[in-house]
Amino acid sequence: MGEKTKYIFVTGGVVSSLGKGIAASSIGLLLKQRGLNVVLQKFDPYLNVDPGTMSPFQHGEVYVTDDGAETDLDLGHYERFIDRDLSQRSNVTTGQIYETVINREREGGYLGRTVQVVPHVTDEIKSRIRLAAENGENVDVVITEIGGTTGDIEGLPFLEAVRQFRLNHGRENCHNIHLTLVPYIKAARELKTKPTQHSVKALLEIGIQPDILICRTERPLSHDIRAKIALFCNVDVSEVIEARDVATIYQVPLQFRKEGLDDIICAKLGLACPPPDLRGWEEMVEKIYSMTESIEIAMCGKYVHLHDAYKSIIESFTHGGVANDVRVNIRWVDTEKIEQEGPEAHLAGVHGILVPGGFGDRGIEGKIAAVRYARENGIPYLGICLGLQMAVIEFARDICGLSGANSSEFDPDSPYPVIDLMLEQRSRTMMGGTMRLGSYPCRITEGTLAHRLYGSLETAERHRHRFEVNNAYRKTLTDAGMVISGVSPDGELVEMIELPDQPFFIGCQFHPELRSRPNRAHPLFRGLVGAAKAYKREHGGCDSSPSMVHEDEWREGR
Ligand code: GLN
């Protein structure tokens, strides 16, 4: 923790899904581009220790950090906006806080005392805020987003901790930002400020006076509306920030900049720094808006009705699009439907196919059929984690003649378990945090597609899986033409496979989407999108309706 570390807390009111994560990320980017060292952190007020044990249907994607923490998807936004790898310190849940406090109590850490929410739980929360600032470097600013909506019962200990933190660390070092909604009521033809007033009242009851209000709105906030909000909420008019709906989340920081948000924060916190350098970011946003060519890529998964489950992949497509100057439209394909109606009905006309990660056997045969469709039609294919495993199974069955080949995850009695449980996984009995998680180095085979894409013979990528390619079948697979293009440094684990007789066919056991950044698309996404663009130029195919890629939470709500 630097001597002069400053702390910004971002809360949300009125309704959930206002895009607090994007707001916090955007503030982070603006401050970082002013030369400050910024760390972002999220508090999640649920009792799970981490979201790893929750269904993506409940929680959306599980984002994995380099150090192997399973975290909230907002950490993905943080990393993409501030272009910095975060750690497990950046996601704190009620479950973690209580686990620590209760373990300490059992060890006798509070001997003789009654253990209470105030001060013991709130002390632990405050220590996590300080911990975020202690990463060996001088952190100038910690931005902490408090999940949930003001007024939620489970959020109270976090808000109480924020209130105390400001007392402990000085008003001049802490800043509260509150995100609210200013709805437009059609019948009255008016923007309404009352929900914001109520939300701020609820915060004041807890003892927190917001310093800045960021107001989500469909329409411009007039001076009168701003003045009204300022008067009732006890802030200056300049501290009422308009956050109008935009078509891409990457525009939000530019919008905040126009409103002078970062100037106000820096002035209040006494941060002397030059204006932000946003040239690269502006160019990227400009590009997103100006792309004229488009391609369509099929996303063949299970959670296709909940796009949050694939948040980072969707963003990676945008990054890959920026790198290739082409808009990527996603065709969401439920692989159970492929099982019922065949691949042609759902995949005809696409320029690329992606099978993402997943767990459980629902829709598995449809995924294998999607791989086969890609291979037989020369359509660019990227398989991520489960998508690599599906590609290996398909190849084993169809090319190696191993009928009934499968993963022991789905068919423990398969005659050919070409995908099998990793050795270290066999003795695991606990579910939470026990997969192969986090960043591991990968050795890339010379002369492969992977080598061309990465431009390097080594990389490190993030993982979240229990199963892997069964080494007993490596020779059978490679003899039949599959190339193993990435392995763990000891050569024991297959990390990437490809089919060299295809225009673009690659699978990875890791999750490349977790390392893609807006101005630096991940090589595999850059590659897939580039190959899909080339495929379209050669074969034509769908000119699909406008992008769903930019259907993001800033516009639509999460
Ligand atoms: N279910 C597979 C495994 O555990 C794939 C995991 C994933 O796709 N993240 O290995």
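Please read these numbers as outputs of a predicted model, since none were measured by experiment. Just follow the structure's listing: the first ligand is 1, and inside any ligand the first atom is 1.
Remark: the Glu79 side chain and the Tyr63 side chain contain an N/O donor-acceptor pair separated by less than 3.5 Å.
For Lys337, the NZ atom counts as loosely surrounded, since its 6.0 Å shell holds 12 or fewer non-hydrogen atoms of other residues, nucleotides or ligands.
Shown here are the ring pair (Phe, Tyr, Trp, His ring centres under 6.0 Å) partners of Tyr46, two or more places apart in sequence or in another chain: His59. Not a single side-chain hydrogen bond (donor to acceptor under 3.5 Å, both in side chains) links Arg443 to another residue, sequence neighbours left out.
The stretch residues 402-415 participates, sequence neighbours left out, in these side chain to side chain donor-acceptor pair (under 3.5 Å) pairs: Ser408-Asp420.
Lys311 and Glu61 are not joined by a salt bridge, as no carboxylate oxygen comes within less than 4.0 angstrom of a charged side-chain nitrogen.
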Nitrogen or oxygen contacts under 3.5 Å, ligand 1 side and protein side:
{"residue": "ligand 1", "atom": "1 (N)", "partner": "Gly358", "partner atom": "O", "Å": "3.0"}
{"residue": "ligand 1", "atom": "1 (N)", "partner": "Glu409", "partner atom": "OE1", "Å": "2.8"}
{"residue": "ligand 1", "atom": "1 (N)", "partner": "Glu409", "partner atom": "OE2", "Å": "3.1"}
{"residue": "ligand 1", "atom": "4 (O)", "partner": "Arg466", "partner atom": "N", "Å": "3.0"}
{"residue": "ligand 1", "atom": "8 (O)", "partner": "Gly358", "partner atom": "N", "Å": "2.9"}
{"residue": "ligand 1", "atom": "8 (O)", "partner": "Leu386", "partner atom": "N", "Å": "3.1"}
{"residue": "ligand 1", "atom": "9 (N)", "partner": "Arg464", "partner atom": "O", "Å": "2.9"}
{"residue": "ligand 1", "atom": "9 (N)", "partner": "His511", "partner atom": "NE2", "Å": "3.3"}
{"residue": "ligand 1", "atom": "10 (O)", "partner": "Gln389", "partner atom": "NE2", "Å": "3.1"}
{"residue": "ligand 1", "atom": "10 (O)", "partner": "Arg466", "partner atom": "N", "Å": "3.2"}
{"residue": "ligand 1", "atom": "10 (O)", "partner": "Phe467", "partner atom": "N", "Å": "2.8"}

